[in-house]
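Each remark here refers to the structure printed beneath this line.
What you are looking at is a predicted structure, and each value in this text was computed from that prediction instead of being measured. Just so it is clear: chains get the letters A, B, ... in the order the sequence lines come, proteins before strands, and each one is counted from 1.
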Protein chains: 2
Amino acid sequence: MSGHPDRDGPLDGDTHQREMVPSKRSAVLVDGVILNGPTTDARAGEKFVEDACRLIMEEVVLKATDVSEKVCEWRPPEQLKQLLDLEMRDTGEPHHRLLELCQDVIRYSVKTNHPRFFNQLYAGLDYYSLVARFMTEALNPSVYTYEVSPVFLLVEEAVLKKMIEFIGWKEGDGIFNPGGSVSNMYAMNLARYKYCPDIKEKGLSGLPRLILFTSAECHYSMKKAASFLGIGTENVCFVETDGRGKMIPAELEKQIWQASKEGAAPFLVCATSGTTVLGAFDPLDEIADICEKHGLWLHVDASWGGSALMSRKHRKLLHGIHRADSVAWNPHKMLMAGIQCCALLVKDKSDLLKKCYSAKASYLFQQDKFYDVSYDTGDKSIQCSRRPDAFKFWMTWKALGTLGLEERVNRALALSRYLVEEIKKREGFKLLLEPEYANICFWYIPPSLREMEEGPEFWAKLNLVAPAIKERMMKKGSLMLGYQPHRGKVNFFRQVVISPQVSREDMDFLLDEIDLLGRDM
Amino acid sequence: MSGHPDRDGPLDGDTHQREMVPSKRSAVLVDGVILNGPTTDARAGEKFVEDACRLIMEEVVLKATDVSEKVCEWRPPEQLKQLLDLEMRDTGEPHHRLLELCQDVIRYSVKTNHPRFFNQLYAGLDYYSLVARFMTEALNPSVYTYEVSPVFLLVEEAVLKKMIEFIGWKEGDGIFNPGGSVSNMYAMNLARYKYCPDIKEKGLSGLPRLILFTSAECHYSMKKAASFLGIGTENVCFVETDGRGKMIPAELEKQIWQASKEGAAPFLVCATSGTTVLGAFDPLDEIADICEKHGLWLHVDASWGGSALMSRKHRKLLHGIHRADSVAWNPHKMLMAGIQCCALLVKDKSDLLKKCYSAKASYLFQQDKFYDVSYDTGDKSIQCSRRPDAFKFWMTWKALGTLGLEERVNRALALSRYLVEEIKKREGFKLLLEPEYANICFWYIPPSLREMEEGPEFWAKLNLVAPAIKERMMKKGSLMLGYQPHRGKVNFFRQVVISPQVSREDMDFLLDEIDLLGRDM
């Protein structure tokens, strides 16, 4: 067994951050270790934190809004490994060397805060959530019991309550999870528990085949969840969508009948509000009707689209969401709370989350505590230690107010609308479909293909364009946006608008730049 | 449906952080939104971040090592709600008000960095991981693809490789998860996949009852995992432990035979290295023999005890761990990487993690990218967005070196040893059992009970002592440690030593303080 590999001699005495050896006179020695006094050189540590904070401020925060900075400083994996000193050794590095390392990490990291980072469903820098996040890291809490996380548990309660109001429920319950995928899993498990509480103890063995329904455009986490929960990916029934990517209710009902006829046990319908690629919203009201009729749990994956609830103008996209049994909603996306901030909201108020998830650990959830232990909400979670993700959203909400959040959503969708109209106007750009949200899917057709007939050869050639432009933009570092093939459509770009640091000028730049990078193809 | 509840009039113009309304002459207006220029007042935002960083530095970082500060400023839930202004309103708050809120959040939060916070399996302030955490928050990455997280993916790879060396495997694979509970779930699912890969698609319905074995002292996440994965809590077979909390191998084998005889399908043994309450280490070598003989996956939950691997003196506690198929190990505990930092390590090198977890989302994991897509490791995870938790551990490791980490472990265990000897010497203190790790479990017996016979009345009265002392210590704010009843033993204290800021003097203080708080009982 390799104990300490690469042992390279005794600890070098002059590294600055070496933990101090106490040398008090009344030294107490146990197992060769002097136990008097703390060993950390606090002053040196504090100085290091101060220096690093200055670096972070200068290199990340102050540059976040500067479009003249590169979005990324691309290096291929093998080269980046050589540039970075990744190796962990027997002896530590001095502070000045660590600061250089920090600088390298920043330099070669993708600037997801940059106004021209459009690659994912998150982007931009929110100063308020950032402060909350710094506080969280400094305070290092874990939210399971009130005794260790009094403030963060109350904040989580307040935020959940407010989100529940925006869904349109009178009351409800909820929990923040490490990702929308995890929230979807929670919902699937809750629906299963509601369908048959015995599964918690007995498991699925010997039961009829449970089956769930979701749209063909849903997030891939539904499959991951079905597999993880022992339901099986084949028991995820994908319901066909219309030309805009919305679930067709009649198809859903047909599939439910079919599954029941085959002896399977339908227990859940998952609708999507804001699909990942197309940004489509399933018709919740009609789906809710079907769920009611068949007695099925309705979960809405609004991880991406939920933020539209903040806008009086756009919340109609989620019309009917108040009829859902559970909702996943990630404020770390359009509301910029920072990765991760993901709520699962549940309409039930019979303490279903706790009943479904509790394991009643006696070392954490003692019932003879001196305060109201209903505030010890950790047993609603599959996690033990859990981060206070609600806090960063709360801070932004406090800073901007509901109206400020609404303005963000309205602006992102107005910018999307602007981009769509520009795409329509410009030669060589072709919309995949008229978007209803902030996902703008389009092809760039380089000059050499513009006269070609839209046959197999055209599509085969077009399929190569987006990856090639993506490579060029990454190497140049001028912007980042994603591309993908999708359900028979060859590779196209998906532009997502989120950040309030983004302007019309950035939309124009995006189209100009793609044209610049691809016009010789 | 309540849209914007508590609407309180139009946005007040003089809040400092209101996002700016651009007023360029060539204004482009879409849907009533002016799209020119960014709307964020970056200068004001940056100033706010700077001010908040100063506050965090002064109120959290600089005070972290000061034992004259209180560990907590206790307020009961209803009172704390009144003290904090939790309500989110339509309009935002000005910066000076937000800074006051930050101050309140810090004031009423438990100081888990404090040298006298002994309440959980994490504690203390590590300056290096803290810097890494600040960087993470500022850069806001998500580790799924190399294109958006080049540095953090390479760091994760390097850290996993090093941890694998310390386990004693020649090679392996792994992933960082949001908690040891989640790592345990991953392992259970991997073992199940290995046992029968079809379950991923087909689910458990109709299969024989899968059954797993773990010690009666294991973490409660095993039950949560079995329930979540559709296996059922009744199919977690709890193997009896000896007087020190270690699994009895003969009992394990007996249970495996028994389960097979009953037609259940054994697939997994979970051993624990460092149990939550007693800090016990299961005999891995003997358990591995049994697993080999029966063809069962061996998972070791070393979430807490794994850090002992860093110490040449103490790694023998995990003797045999190299024979495990998977290991959960949380550097956020004794190695102080900050919540959360939790690795699942897997011995298999046939890409089992990817096979078991992949869903091959085409919008993230395109196969026609211009770089080596084997670096896109996101499909090994049940999460989609995922935090770069390896990075903070890497930074501490770079700063202290392996020898510095070893010193931390050695010191924590030497301090534990010192405390044990003090408990033995002092009147009114009684060890529950001789510890082998950093969990020191003991009763404080107040003067009124010292002459009483150890009968039912004695235990009933003693059971009330720890909760009562805990209440007093929280209200005083002088220290925090946990208590619990455990397997027939009435409420006792569990002292956990982790932080290098802790000294012999803190151990003495702990016992003096408990005696001070409880001597009139």
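- Taking CE of Met395(B) as the reference point, atom CG of Leu101(A) lies at 6.5 Å (rounded to 0.5 Å).
- Of the two parts of Pro150(B), the backbone and the side chain both hold a non-hydrogen atom closer than 4.5 Å to a non-hydrogen atom of chain A.
- With a threshold of 4.5 angstrom between heavy atoms, Pro115(A) does not approach chain B through any atom at all.
- Once rounded to the nearest 0.5 Å, the distance linking CG of Asp90(B) with CD of Glu406(A) reads 8.5 Å.
- Within the 4.5 angstrom heavy-atom criterion, atoms from both the backbone and the side chain of Met135(B) approach chain A.
- Both the backbone and the side chain of Tyr363(B) come within less than 4.5 Å of a heavy atom of chain A.
- Inter-residue side-chain proximity for Tyr146(B) and Pro77(A) is flagged as met; some heavy-atom pair is nearer than 4.5 Å.
- Of the possible donor and acceptor atoms, none in the side chain of Thr112(B) sits under 3.5 Å from a partner among the backbone N and O of Pro141(A).
- Across every non-hydrogen atom of Val33(A) and Asn410(B), the tightest pair is CG2-O, 4.0 Å.
- Proximity to chain B is limited to the side chain of Ile56(A), based on heavy atoms less than 4.5 angstrom apart.
- For the atom pair CE (Met474(B)) and CD (Glu147(A)), the distance works out to 5.5 Å, reported to the nearest 0.5 Å.
- Using a 4.5 Å heavy-atom threshold, the side chains of Pro76(B) and Asp372(A) count as separate.
- Residues Ser142(B) and Tyr122(A) meet the side-chain proximity criterion, which asks for heavy atoms closer than 4.5 Å.
- In terms of modelled atom types and a separation under 3.5 Å, the side chain of Lys398(A) and the main chain of Glu87(B) share a donor-acceptor contact.
- Of the two parts of Asn189(B), only the side chain, counted from C-beta on, holds a non-hydrogen atom closer than 4.5 Å to a non-hydrogen atom of chain A.
- Between Leu229(A) and Leu229(B), every side-chain heavy-atom pair lies at or beyond the 4.5 Å cut-off.
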### Task
Please report the C-alpha distance between Leu154(B) and Leu80(A) in whole Å, then the side-chain angles of each, then the deciding distance to 0.1 Å, and finally whether the side-chain contact (heavy atoms from CB on, under 4.5 Å) criterion is met.
CA-CA 8 Å; Leu154(B) 294 184; Leu80(A) 186 52; 3.8 Å; yes
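- Of the atoms belonging to Leu207(A), it is backbone heavy atoms, and not side-chain ones, that fall under 4.5 Å from chain B.
- With a threshold of 4.5 angstrom between heavy atoms, Ser362(A) approaches chain B through its backbone and through its side chain.
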### side-chain contact (heavy atoms from CB on, under 4.5 Å) between Lys470(A) and Gln366(B), worked out
CA-CA 12 Å; Lys470(A) 175 76 179 252; Gln366(B) 304 92 321; 5.6 Å; no
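- Put simply, the side chain of Thr402(B) gets close to the backbone of Arg89(A): a donor and an acceptor are under 3.5 Å apart.
- Tyr108(B) touches chain A through backbone and side chain together, each having a heavy atom under 4.5 Å away.
- Salt-bridge check for Glu137(A) with Arg387(B): passed, with a basic side-chain N closer than 4.0 Å to an acidic carboxylate O.
- Checking Asn491(A) against Asp368(B) by side-chain atom types alone, a donor-acceptor pair falls below 3.5 Å.
- Contacts between Lys313(A) and chain B at a heavy-atom distance below 4.5 Å involve the side chain alone, from C-beta outward.
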### Task
Would you please test Val60(A) and Leu139(B) for side-chain contact (heavy atoms from CB on, under 4.5 Å) and show each step?
CA-CA 7 Å; Val60(A) 187; Leu139(B) 289 165; 4.0 Å; yes
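- Contact tally against chain B (heavy-atom pairs below 4.5 Å) for Lys360(A), Lys111(A), Lys223(A), Arg209(A): the top residue is Arg209(A).
- Heavy-atom distances place the side chain of Thr65(B), and not its backbone, under 4.5 Å from chain A.
- With a threshold of 4.5 angstrom between heavy atoms, Met480(A) approaches chain B through side-chain atoms but not through N, CA, C or O.
- Heavy atoms of Arg494(B) lying under 4.5 Å from chain A belong exclusively to its side chain.
- Here the OG atom belonging to Ser181(B) is positioned 8.0 Å from the CD1 atom belonging to Ile382(A), to the nearest 0.5 angstrom.
- Side-chain N or O atoms of Asn113(B) include one that pairs as donor or acceptor with a backbone N or O of Ala138(A) at under 3.5 Å.
- In terms of heavy-atom proximity, Ala359(A) sits nearest to Tyr220(B) at CB-CD1, 3.6 Å.
- Within the 4.5 angstrom heavy-atom criterion, only side-chain atoms of Val277(A), from C-beta onward, approach chain B.
- Residues forming a ring pair (Phe, Tyr, Trp, His ring centres under 6.0 Å) with Tyr127(B) (at least two apart in sequence, or on another chain): none.
- The salt bridge (charged side-chain N to carboxylate O under 4.0 Å, His left out) test applied to Lys202(A) returns Glu234(B), not counting sequence neighbours.
- Looking at heavy atoms from C-beta onward, Lys224(B) lies out of side-chain contact with Gln383(A) at the 4.5 angstrom threshold.
- For Phe152(A), the part lying near chain B is the side chain, with the backbone staying farther off; criterion is any non-hydrogen pair under 4.5 Å.
- In this structure, chain A has a heavy atom under 4.5 Å from the side chain of Thr276(B), while its backbone stays farther away.
- For Val148(B), the parts lying near chain A are the backbone and the side chain together; criterion is any non-hydrogen pair under 4.5 Å.
- Only the side chain of Asn119(B) comes within contact range of chain A, with heavy atoms under 4.5 Å apart.
- Across Gly32(A), Gly179(A), Ala158(A), Ala225(A), the residue that shares the most heavy-atom pairs under 4.5 angstrom with chain B is Ala158(A).
- Ring orientation note: the planes of Tyr357(B) and Phe228(A) are tilted relative to one another, at an angle of 30° to 60°.
- Taken to the nearest 0.5 Å, the CG atom of Leu35(B) stands 6.0 Å off from the CZ atom of Arg411(A).
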### Query
Does the side-chain contact (heavy atoms from CB on, under 4.5 Å) test come out yes or no for Glu201(A) and Ser227(B), once each step is laid out?
CA-CA 7 Å; Glu201(A) 285 92 31; Ser227(B) 138; over 6 Å; no
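- A centroid separation of less than 6.0 Å is found between the aromatic rings of Tyr128(B) and Phe48(A).
- Both the backbone and the side chain of Pro485(B) have a heavy atom closer than 4.5 Å to some heavy atom of chain A.
- For Cys53(A), the part lying near chain B is the side chain, with the backbone staying farther off; criterion is any non-hydrogen pair under 4.5 Å.
- With a 4.5 angstrom heavy-atom cutoff, Leu84(B) touches chain A only via side-chain atoms.
- Looking at Tyr483(B), both its backbone and its side chain come within 4.5 Å of chain A, counting heavy atoms on both sides.
- Judged by distance alone, the side chain of Lys162(B) and the main-chain N or O of Met88(A) form a donor-acceptor pair under 3.5 Å.
- To the nearest 0.5 angstrom, Gln340(A) atom CD is 4.0 Å from Ser385(B) atom OG.
- For the pair Cys384(B) and His219(A), the minimum side-chain heavy-atom distance is below 4.5 Å.
- Looking at heavy atoms from C-beta onward, Arg133(A) lies in side-chain contact with Asn140(B) at the 4.5 angstrom threshold.
- Only the side chain of Gln120(A) comes within contact range of chain B, with at least one heavy atom under 4.5 Å from a heavy atom of that chain.
- Inspection of the Asp31(B) and Tyr418(A) side chains reveals no N or O donor paired with an N or O acceptor under 3.5 Å.
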